[in-house]
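Below: the structure, in structure tokens.
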There are 2 protein chains.
Amino acid sequence: MSDHADGTADQAASPTTTFSEQNVPLTAEQAANHAQKKPPSKQQARTLERREAVLKAAMSVFGAHGYNKGALVEVAQQAGMTHAGVLHHFGSKEGLLVAVLRYRDGEAVDGVQGMPQVVGPAFLSHLLDTVELNTQQRGVVQTYAVLSAESVTEGHPAQEYFRGRMVGLRAKLVEVIREVVGDGPSEKELNDAASALIAVMDGLQVQWLLDPDAVDMPGTVELVMNEIIERLASGHEAPSARVRATAVLDGRVDGGEH
Amino acid sequence: MSDHADGTADQAASPTTTFSEQNVPLTAEQAANHAQKKPPSKQQARTLERREAVLKAAMSVFGAHGYNKGALVEVAQQAGMTHAGVLHHFGSKEGLLVAVLRYRDGEAVDGVQGMPQVVGPAFLSHLLDTVELNTQQRGVVQTYAVLSAESVTEGHPAQEYFRGRMVGLRAKLVEVIREVVGDGPSEKELNDAASALIAVMDGLQVQWLLDPDAVDMPGTVELVMNEIIERLASGHEAPSARVRATAVLDGRVDGGEH
DNA sequence: TTTAACTTACTGACATGTAAGTAACTGTGC
DNA sequence: GCACAGTTACTTACATGTCAGTAAGTTAAA
């Protein structure tokens, strides 16, 4: 489970998109000003800009090294301040990580609404578009891949975030797939299909990071998505690969029937 | 890419299997003795036992915390010695990690042959069996999931190991799938299928670690494997999920045709 | 004058690796 | 069979480096 878009319209998927100030954690005063449509003061604008710089630097460092080995001094250097300055803004390293994840999600913060999300069958296209975009942003892909796997370790600050994000994404996919294929499949079949789709996207990312030239993420995800949707829509089960493999082994099948 | 069996016969997949001394790194003298079929001395037997204890402890600690945050003092405590004792045996923390990975693989070490590997179409069954076994060994699954994702970070000592292991596994799967489905599919189609299969297994592991009750690893892997093999064997492409989703969105399709 | 955005300096904790020392095992010579 | 030297498996103590977080101070904006 990494950066394969939970539905935020082109937000989570596209780091090249200019981030609006909405996505940078605001102080209560800033949020109040924003809610009242007051233009931010020069200092407030500067603060938002600096925080965004820190968040981007943190993404880069956590992607390159993971959370555990990603040092605040490195984040600070990339953001152009000292590590104590980073802590002034985010309170702690853990607070910084949480802010990075929320920032990437374009998640609602106090007083500011989150980005509108893609819903319905268009979400399948959105996923494919996200995978395509991901091939142009190795940094983001790596950040999510590393952080999501790290998050399963004991006491990792991002564990609840990733668990919640994954549960939410799977639930959303179940609804989307049902809408696309109809009411034929059981709840378990839909759930397994959603899990499989997420798994393919996540699993390909690590392969792609280790061997980019040999892995076609968009093509492979699309193929698997097509197969999964077609099987559910048609109501037919694919024959057992294990049985086929055994038949080939026994010489009863010459490997592929046309 | 985690512990989904690269073909070592029930070795990599089953930590409950009693490990023979073959899998514990031997000194040159021990290897020579073993090669000459000399019974090991009392001290040599004791050393192997202690090293194995350290390796198991290291797997546990690296699984629980990752390599970067997994401390030698923790490994030592679980193994019943001091961290300096661990370093006496393995030279360095990095050396310990490498030994853990080789130990898990049952890899050949000087003077000792590796375990025989599953080849041909039986490998597909072996994969399914491995996924089933993995549901009984959360620790091993977590260790590989965390280490494989960590390995994409800069300078990680296990990066070459996982890259090599993944490339080898994909190549092997390409041959196995070709043998099962025949010569119809192109090389790219076979490669994409192999990548997809590996991705599903790897991707499901992180989901399962975060939400074990909601994810059916064996059932989902089997379904996707069946679909992938059937599509390649039949030579037919599944219709586009994107097109179908758009049709549902436009009201031209009521969601699933039966 | 107050507040916020930093910086500098420091502290405590943690971690890896090394050196010196101890105890136990092994092999050899008598 | 025993003594002794050599080797190995550790332990203890230490050195060094890294890191996150805090306190006090400075500067600029409001």
Side-chain angles (χ1 to χ4, degrees), chain A residues 24-33 38-55 57-58 61-62 65-99 155-157, chain B residues 24-33 38-55 57-58 61-62 65-99 155-157:
Chain A
V24 183
L26 301 165
T27 64
E29 181 185 353
Q30 288 165 338
N33 284 344
K38 278 181 185 175
S41 68
K42 190 175 169 184
Q43 186 176 350
Q44 284 176 327
R46 168 73 172 159
T47 298
L48 287 174
E49 178 196 324
R50 306 293 283 117
R51 285 177 173 228
E52 190 166 339
V54 171
L55 291 170
V61 170
F62 291 156
H65 304 286
Y67 173 75
N68 291 321
K69 199 173 179 184
L72 288 179
V73 65
E74 186 68 31
V75 175
Q77 276 180 328
Q78 286 191 24
M81 65 174 68
T82 66
H83 86 280
V86 172
L87 289 170
H88 165 78
H89 283 288
F90 295 96
S92 64
K93 186 180 183 187
E94 182 170 328
L96 176 63
L97 176 63
V98 169
H156 196 279
Chain B
V24 183
L26 302 166
T27 65
E29 181 184 355
Q30 287 165 339
N33 283 343
K38 278 180 183 175
S41 66
K42 188 175 168 184
Q43 186 177 348
Q44 284 176 326
R46 168 74 173 161
T47 297
L48 288 175
E49 177 195 325
R50 306 291 282 118
R51 282 176 174 230
E52 190 164 341
V54 171
L55 291 171
V61 170
F62 291 156
H65 304 288
Y67 172 75
N68 291 322
K69 201 172 177 182
L72 288 178
V73 65
E74 187 68 32
V75 175
Q77 275 180 328
Q78 287 189 24
M81 65 174 68
T82 66
H83 85 278
V86 171
L87 288 170
H88 166 79
H89 282 286
F90 295 96
S92 65
K93 187 181 183 187
E94 181 170 329
L96 175 63
L97 177 63
V98 170
H156 195 280

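Residue numbers begin at 1 in each chain, while the letters A, B, ... track the order of the sequences. The basis for the numbers below is simple: all heavy atoms, side chains too, and nothing from hydrogens, waters or symmetry mates.
- Between the NZ atom of B:K93 and the P atom of C:dC14 there is a distance of 15 Å, rounded to whole Å.
- Between A:R50 and C:dC6 there is a side-chain polar atom (N or O) within less than 4.0 angstrom of OP1 or OP2.
- Here D:dT18 presents its P atom at 14 Å from NE2 of A:H65, a figure rounded to the nearest Å.
- Regarding contacts with the backbone of D:dC10, every side-chain N or O of B:H88 stays at 4.0 angstrom or more from both OP1 and OP2.
- Using a 4.5 Å heavy-atom threshold, the side chains of B:L55 and B:L96 count as touching.
- At a non-hydrogen distance threshold of 4.0 Å, B:H83, B:A84 from residues 75-84 of chain B come into contact with DNA chain C.
- Here CE of B:M81 is found 10.5 Å from CG of B:L87. Values are rounded to the nearest 0.5 Å.
- Distance NE2 (A:H89) to P (C:dA4): 12 Å, rounded to an integer number of Å.
- Residue A:L72 is in sugar-phosphate contact alone, with no base atom involved, counting any heavy-atom pair closer than 4.0 Å across all strands shown.
- With sequence neighbours left out, the side-chain hydrogen bond (donor to acceptor under 3.5 Å, both in side chains) criterion links A:H83 to no other residue.
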Output a table of nitrogen or oxygen pairs between the protein and nucleotides 26-30 of chain D separated by less than 3.5 Å.
{"unit_1": "D:dA30", "atom_1": "OP1", "unit_2": "A:K42", "atom_2": "N", "d": "3.2"}
{"unit_1": "D:dA30", "atom_1": "OP1", "unit_2": "A:Q43", "atom_2": "N", "d": "3.2"}

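- Not counting sequence neighbours, A:H65 has no partner by the ring pair (Phe, Tyr, Trp, His ring centres under 6.0 Å) test.
- Distance NZ (B:K69) to C1' (D:dA20): 12 Å, rounded to an integer number of Å.
- A search for ring pair (Phe, Tyr, Trp, His ring centres under 6.0 Å) contacts involving B:Y67 returns B:F62, B:H156, not counting sequence neighbours.
- Side chain of B:A71, nearest nucleotide from C:dG17, C:dA5, C:dA15: C:dA15.
- Side-chain contact between B:E49 and B:R46 is present, with at least one heavy-atom pair separated by less than 4.5 Å.
- Between the CZ atom of A:R51 and the P atom of C:dA5 there is a distance of 6 Å, rounded to whole Å.
- Under the 4.5 Å side-chain criterion, counting only non-hydrogen atoms from C-beta, B:R50 is not in contact with B:V54.
- For the side-chain contact (heavy atoms from CB on, under 4.5 Å) test, residues two or more places apart in sequence or in another chain that qualify with B:A57 are B:V75, B:Q78, B:A79.
- With a 6.0 Å radius and a threshold of 12 heavy atoms from other residues, nucleotides or ligands, B:K69 has its NZ atom at or below the threshold.
- A straight line from CG of A:L97 to P of D:dG21 spans 12 Å, rounded to a whole angstrom.
- Among the atoms of the strands shown, none is found under 4.0 Å from any heavy atom of B:G95.
- Distance CZ (A:R46) to C1' (C:dA4): 13 Å, rounded to an integer number of Å.
- Rounding to whole angstrom units, CD of residue B:E94 and P of C:dA15 are separated by 19 Å.
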